[in-house]
Amino acid sequence: MLPATGKVKVLLRIALRNLAAGRARTAIIGTILLVGTLLVVVGSSLVESVDRGMRSSIQGSLGGQLQVYDARSKDELALYGGMGREPLLEPIVDFSRVKAELEKVPNVKRVIPMGIDQALVATGNQIDVALERLRADVRRLEAGEDDPELRRRYQAHQAHVRRMVTLLRDDLRSARALADDELLRERKRDGDDLARAASDDFWAGFERDRLAGLEFLENRIAPQGMEGGMTYVRYVGTDLDAFMEAFDRAHVVEGERVPSGHRGILLGKWYAEEYLKIKNARRLDKIKDARDFQRRRIANDEELRRWVKENTNQLSEIQMQLDPLQAEEAAARLRRGLGSEERDLSRLLVALFSTTDADFEKKYRLFYDELAPLLQLYKIRIGDTITIKAPSRSGYYSSVNVKVYGFVEFRGLEKSRLAGVMSLLDLMTWRDLYGYLTKEKAEEVRALRDQVGARQVPRESAEADLFGGGGPAVETQRAGRIDEAALLAGIARPARTQDLAAQTYSQEEIDRGVALNAALILRDPSRIGATIQDVERASRRAGLGLKVVDWQKASGLVGQSVTMFRIVLYTAVLIIFAVALVIINNAMVMATLQRVREIGTMRAIGAQRRFVTAMLLVETAAVSLLFGLLGAVLGAAALWAVRAWGGIPATNDQLYFFFSGPALLPALGTTGVAVSLGLVLVVSMLSGFYPAIIAMKVTPVEAMAADD
Amino acid sequence: MSAPIVSVENVVRTYRLGKSEVQALRGVSLEIHPGEFLAVAGPSGSGKTTLLNLVGCVDTPTSGVVRVDGRDTSALSERALTDLRLRRIGFIFQSFNLVAVLSVFQNVEFPLLLQGEATRKEREQRVLALLDAVGLREHARHRPSELSGGQRQRVAVARALVGRPRLVLADEPTANLDSTTGATIIDLMRDLNRRDGTTFLFSTHDQKVMSHAHAVVRIADGQLQARETLNPAA
């Protein structure tokens, strides 16, 4: 064996020394290979880490491991929204059957019903709040109470309303300057009303007939403050108890969980921050985040400076909230906090919000410690009952009142829009909004339909059935009318809000009814592929007609983004290695041609062909492995450095979701290393192949040639 | 007399040059016996190199028979021919043809590694003994580029002999050397021939170099003239 190792040694020695001799060539080949492997190692580790992050985000917040929905659905399920709208899914009419059948599949731990939708929600109105306070005072005065404190409060609340009226009138005036004639006519009466409410005459008359005055303000003025009072909310209607148990990332950060069996909504914390919070406070938060987590500074950041400017310009939201008494208190607190002599609240607020890097932390604390307690920070308060209006299946708007129990957040996804925008709504309320009720109701509707001879027209044959075949169109019209009636009955329900809020529902009632999709939580989350088949089989056996998708597919475009990253990465890698292949091949061919006589000599003195081919291949393999390993090591070092530096910060809310947290801590993927070294070997063998053939064809006669 | 190491019988070798055929050798016969120190002389283009290539088993005849160590080279496979070169023949080239990236020691050791029979210790002994014989022991660690032409050719001589070949072929071994150095190389070869009995066949067109040989065969236009014995074998 010893002599054979001698041969291998000399092969290696020649190869390595040739590499050392051709430094420029080796450097070029080496750099390309190094960059290639570095990219593969770093890139694939990043992609795998993002994949893990997304997997964890999606599985832990909404997706579970698998999702099922009706196979007849027009669109594909997209948990985080489809192309600009929510996908249209055929409803699962009786969720309890799905639950019962699928829970029999051994690996399925839980089945969580879901229905995702968006709707309008009224966010309340500052004038309403102010008028409510005034009305409370008026009620006590009318009841004959009278004391200096009540008088003082009454005066303050009156002044508050009056200032709001003035602000609204000013708003309308400035709008008028820009508006066209039509708008002016439309808003003429509004303007007249505001002018009246702002006049001294009106307030003199208010003292004479307080209730009439209030009536006017509530009917004619308050609605004008409604602008911007509606906002969208995205929610998942679900079995709240089951949901909170299955998705342990979800937790209530403020308020409490909806009591078992009750109706209620948990608003997404991020949603509340972004859409419901006083804008000035939100901007302060964002500046703080940018400073703390992204190391940005107001002094040299365009966006931060814009936020500071907006904060100093837009004070009305805060001022509107404060009645004169509160305003005075706020001014006093700000004077103290800012060490100022200023009397005017607006000037004090400007001073508070004109932050620089030096005083930001202090002013941020001042705002939250001193000013915020006087304010209603969120347009919707925990404990409020809000009205949600959603278009039901047949196009009618259903609207329901539902109590806000708290704000919900997903651990690790606090700053992610995709996760945080989602609110959790109880399933019964969701069904009201969706337009279907319980299974019984759905069956009742179907029975009614049957009675009047209407029938379901399958989409595929609709045209023939409706226009060509035996089913006259009249019938369908009638069917439409019945549907309408059934739905109107549904709409009538919210009238009994109080009853509904108090009503509790059993698990059976929650389960027996409609859902759009269901999340499956698996006992062994690694066996997704096999379980999909088991679930499909169970669905077929029970005739449930379900489509089963994994979390990635269920998440729609969001889930595909990792696949996109992967494609981009591997395309880049492919290109780099293709270029590497050409360049290495070229360089090695040149090197081989330069060494024809040396190779001929070796052949003459007794080296077999396979020796010289091996010599060439060892040379390419050596350079490839050397620089490939170096690249992999550098890649690993780079990843280590990134981790040591605290990871790649999630600079926007989407990244927050992809990273499943505030920063991506990329782990060295063994696949990445294996793939990169594999690729390097394949590339080196392929690029060494042609030079090796040239070497093999060199005859010993070449050795005899004289010097040129 | 003992059996010849090489016997060339009526060998014709034609090359194709474009459309025409060139006859480099036109019916050559020659026997080389063990211990000979034989020169092939002739002007360039006379067929010297072709003859050496045939004897050295890097080429095979168009017709006729070349036997090396008793074996008909036309009947051997490429691998067998290579093996025959490795074990029976040593080569010395006009341009020295050392492996640039290997040291003097490693260049000499190379054929032993290819043979793959000697242990490390044996190899070291053999290489150092030969480096002693060619007077380059102190240069063992040098690279060929650090040596003069004459020194390089001496390394090549050592490399040709290290595998204990029965026959050493040298194609114009002095052509790239000045005449004094050329003469010392030929002397070195003759000393080794005398000492170990290794058979040498070398080509040259230099009258002075020729005069060192035991015998000379002259070649012209692809045909051998008579063999002249100059200095009888020692």
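Every chain is numbered from 1, with letters handed out A, B, ... down the list of sequences. Because only heavy atoms are used, hydrogens play no part in the values below, and waters and symmetry mates are left out as well, while side chains stay in.
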Do A/Phe611 and B/Leu113 pass the side-chain contact (heavy atoms from CB on, under 4.5 Å) test, and can you show the C-alpha distance, the side-chain angles, and the key distance before you say yes or no?
-> CA-CA 11 Å; A/Phe611 180 88; B/Leu113 290 170; over 6 Å; no
Closest non-hydrogen atom pair, [X] against [Y]:
X        : Y        : value
A/Pro700 : B/Arg85  : CG-NH2, 3.5 Å
B/Pro111 : A/Ile605 : CG-CD1, 4.4 Å
A/Ala604 : B/Phe93  : CB-CZ, 4.0 Å
A/Arg17  : B/Arg143 : CD-NH2, 3.5 Å
B/Val101 : A/Ala21  : CG1-CB, 4.2 Å
B/Leu114 : A/Met602 : CD1-O, 4.5 Å

Side chain, backbone, both or neither: which part of [X] has a heavy atom under 4.5 Å from chain A?
X        : answer
B/Gln106 : side chain
B/Arg159 : side chain
B/Glu122 : neither

Evaluate side-chain contact (heavy atoms from CB on, under 4.5 Å) for B/Arg79 paired with A/Arg610, printing each intermediate quantity in order.
-> CA-CA 10 Å; B/Arg79 284 188 67 168; A/Arg610 55 165 190 235; 3.0 Å; yes
Between A/Leu16, A/Thr699, A/Ile14, the one whose heavy-atom pairs under 4.5 Å with chain B are most numerous = A/Ile14
So A/Thr601 and B/Val99, side-chain contact (heavy atoms from CB on, under 4.5 Å) or not? Walk me through it.
-> CA-CA 9 Å; A/Thr601 305; B/Val99 179; over 6 Å; no
Can you confirm whether more than 12 heavy atoms, excluding those of [X], are under 6.0 Å from its [atom1] atom?
X        : atom1 : result
B/Asp72  : CG    : yes
A/Met590 : CE    : no
A/Tyr570 : OH    : yes
B/His142 : NE2   : yes

Gap separating the CG atom of B/Asn97 from the CD1 atom of A/Ile599, nearest 0.5 angstrom | 12.5 Å
Could you give the distance from CZ (A/Arg603) to CD (B/Glu78), rounded to the nearest 0.5 Å?
-> 4.5 Å
By a 4.5 Å heavy-atom criterion (distance strictly below it), what part of A/Gln608 contacts chain B: side chain, backbone, both, or neither?
-> both
